[in-house]
2 protein chains.
Amino acid sequence: MIRLFERIIGMADENQMTCCRMTLAQCHALVEVGRTKDISLNQLSQMLELDNSTLSRTVNNLVVSGLAERYEDPNDRRYIKIKLTEQGMMNFHAIEETMNTYYETLFQMIPEEKRDQVIDSIHILNEVGSKIMCCVKEKKNEE
Amino acid sequence: MIRLFERIIGMADENQMTCCRMTLAQCHALVEVGRTKDISLNQLSQMLELDNSTLSRTVNNLVVSGLAERYEDPNDRRYIKIKLTEQGMMNFHAIEETMNTYYETLFQMIPEEKRDQVIDSIHILNEVGSKIMCCVKEKKNEE
DNA sequence: GAAATAAATTTGCATATTACAACTATTTTA
DNA sequence: TAAAATAGTTGTAATATGCAAATTTATTTC
């Protein structure tokens, strides 16, 4: 039972890794910037739950690769904002499409009479998972 | 829909990371050795789909930390076998328990009348996911 | 208004991961 | 028996990660 769930996760991870010769960390950063459009480095590190220094370097790699740009926030010059270049947007869309294709294929291969059930179950798992994460985060804050 | 699924995966990953101050790669290696009991480095790198050199170093870190031992295969002296130390087994069990606790909590929080449905859905997802992976791996072999 | 404090980012430092290539020792093949 | 194949280790280079320190900018305190 538990092993099955772990396998499902592993398979989805494997598909995500099939991305444009980029590392996973760069993927995560690129996708987050692509979805949020305009984000400060501070926000990005909070979203990805990584240290600022880590994100600073990862973003630097994206910038060097021509996938992202850094610019100064006009309202507060301490802040660096990050946005994707045209090339970066192309990579972002490629990644999103790869994942969309995987999940679409996944759901199309589910027997038709079971689809609603599977979708409902995913909603349930998400809701329950969120509750567990709330408890975990409360414990972290207490420590 | 797709975002929901991604969130579920993210949450399970986050729980797996709550491991004994070890890195994720070390976790993976430790768990695989713990489950397989006695495995060669070659087999381990195939299972984890990583390069031999990578695993050699990761295992070396485990050995240095006192969690694993290397020994020569009596039947073929090219082979190095890996097994966990007592300390390693303790860490292995700790990791397995952390994950078991997470999933148990997860399923207990699912409404009782929905549990069979969710379990069935997970079986379906696994089966379908495996089929997709088969196709992907056939494509890789052709390239 | 000046000084102290806080906040954002970058860089130094150390450790770890990853894969390709080269090397060594052992086993298998011809 | 020599050549080829195999398993594992090490060199190399690039990247990831977090803690600490440094720099710049903004906010707060007096």
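All chains are named by letter (A, B, ...) in the order of the sequence lines, taking the proteins before the strands, and each is independently numbered beginning at 1. For clarity, every value in this text was computed on a predicted model and none was experimentally measured.
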Round to the nearest Å and state the distance from [X] atom [atom1] to [N] atom [atom2].
{"X": "A:Asn60", "N": "D:dA16", "atom1": "CG", "atom2": "P", "result": "10 Å"}
{"X": "A:Leu62", "N": "D:dA16", "atom1": "CG", "atom2": "C1'", "result": "13 Å"}
{"X": "A:Asn42", "N": "C:dA6", "atom1": "CG", "atom2": "P", "result": "16 Å"}
{"X": "A:Glu49", "N": "D:dA16", "atom1": "CD", "atom2": "P", "result": "18 Å"}
{"X": "A:Leu55", "N": "C:dA8", "atom1": "CG", "atom2": "P", "result": "14 Å"}
{"X": "B:Gln43", "N": "D:dA7", "atom1": "CD", "atom2": "P", "result": "10 Å"}

Task: Residues which pass salt bridge (charged side-chain N to carboxylate O under 4.0 Å, His left out) with A:Asp73, listed by chain and number, not counting sequence neighbours - done: A:Lys81

Task: Counterpart residues, side-chain contact (heavy atoms from CB on, under 4.5 Å), relative to B:Thr105 (two or more places apart) - done: A:Ile132, B:Thr101, B:Met109

- [ ] Go through the structure and list residues passing side-chain contact (heavy atoms from CB on, under 4.5 Å) with B:Gln43, not counting sequence neighbours.
- [x] B:Ile39, B:Ser40

Task: Contact list for residues 107-120 of chain B, test side-chain hydrogen bond (donor to acceptor under 3.5 Å, both in side chains), sequence neighbours left out - done: A:Lys114-B:Asp120, A:Gln117-B:Asp120, A:Asp120-B:Lys114, A:Asp120-B:Gln117, A:Ser121-B:Gln117

- [ ] Measure the shortest side-chain to side-chain distance between A:Thr98 and A:Tyr103 over non-hydrogen atoms and say whether it is less than 4.5 angstrom.
- [x] no

TODO: Would you indicate what A:Asn52 reaches in the nucleic acid, counting non-hydrogen atoms under 4.0 angstrom: base, sugar-phosphate, or nothing?
DONE: base

Open item on the list: Categorize B:Asp51 for me: base, sugar-phosphate, or nothing, with a 4.0 angstrom heavy-atom threshold over every strand shown.
Closed with: base

Any donor and acceptor pair, going by atom type alone, linking the side chain of [X] with main-chain N or O of [Y] inside 3.5 Å?
{"X": "A:Asn60", "Y": "A:Ser56", "answer": "no"}
{"X": "B:Thr58", "Y": "B:Gln26", "answer": "no"}
{"X": "A:Ser45", "Y": "A:Asn42", "answer": "yes"}

Open item on the list: Checking side chain to side chain contact (heavy atoms under 4.5 Å, CB included) between B:Leu84 and each of B:Asn91, B:Leu30, B:Leu67, which is the one that passes?
Closed with: B:Leu30

Please write out the pairs of protein N or O atoms and N or O atoms of nucleotides 13-17 of chain C separated by less than 3.5 Å, giving the distance to one decimal.
unit_1	atom_1	unit_2	atom_2	d
C:dC13	N4	A:Arg57	NH2	3.1
C:dT17	OP1	B:Thr23	OG1	2.8
C:dT17	OP2	B:Asn61	ND2	2.7

Open item on the list: Using only modelled atom types and a 3.5 angstrom limit, is any donor from either the side chain of B:Ser56 or the base of D:dG8 paired with an acceptor on the other?
Closed with: no

TODO: Can you sort out which residues in residues 72-90 of chain B have a heavy atom within less than 4.0 Å of DNA chain C? Ascending by number, please.
DONE: B:Asp76, B:Arg77, B:Arg78

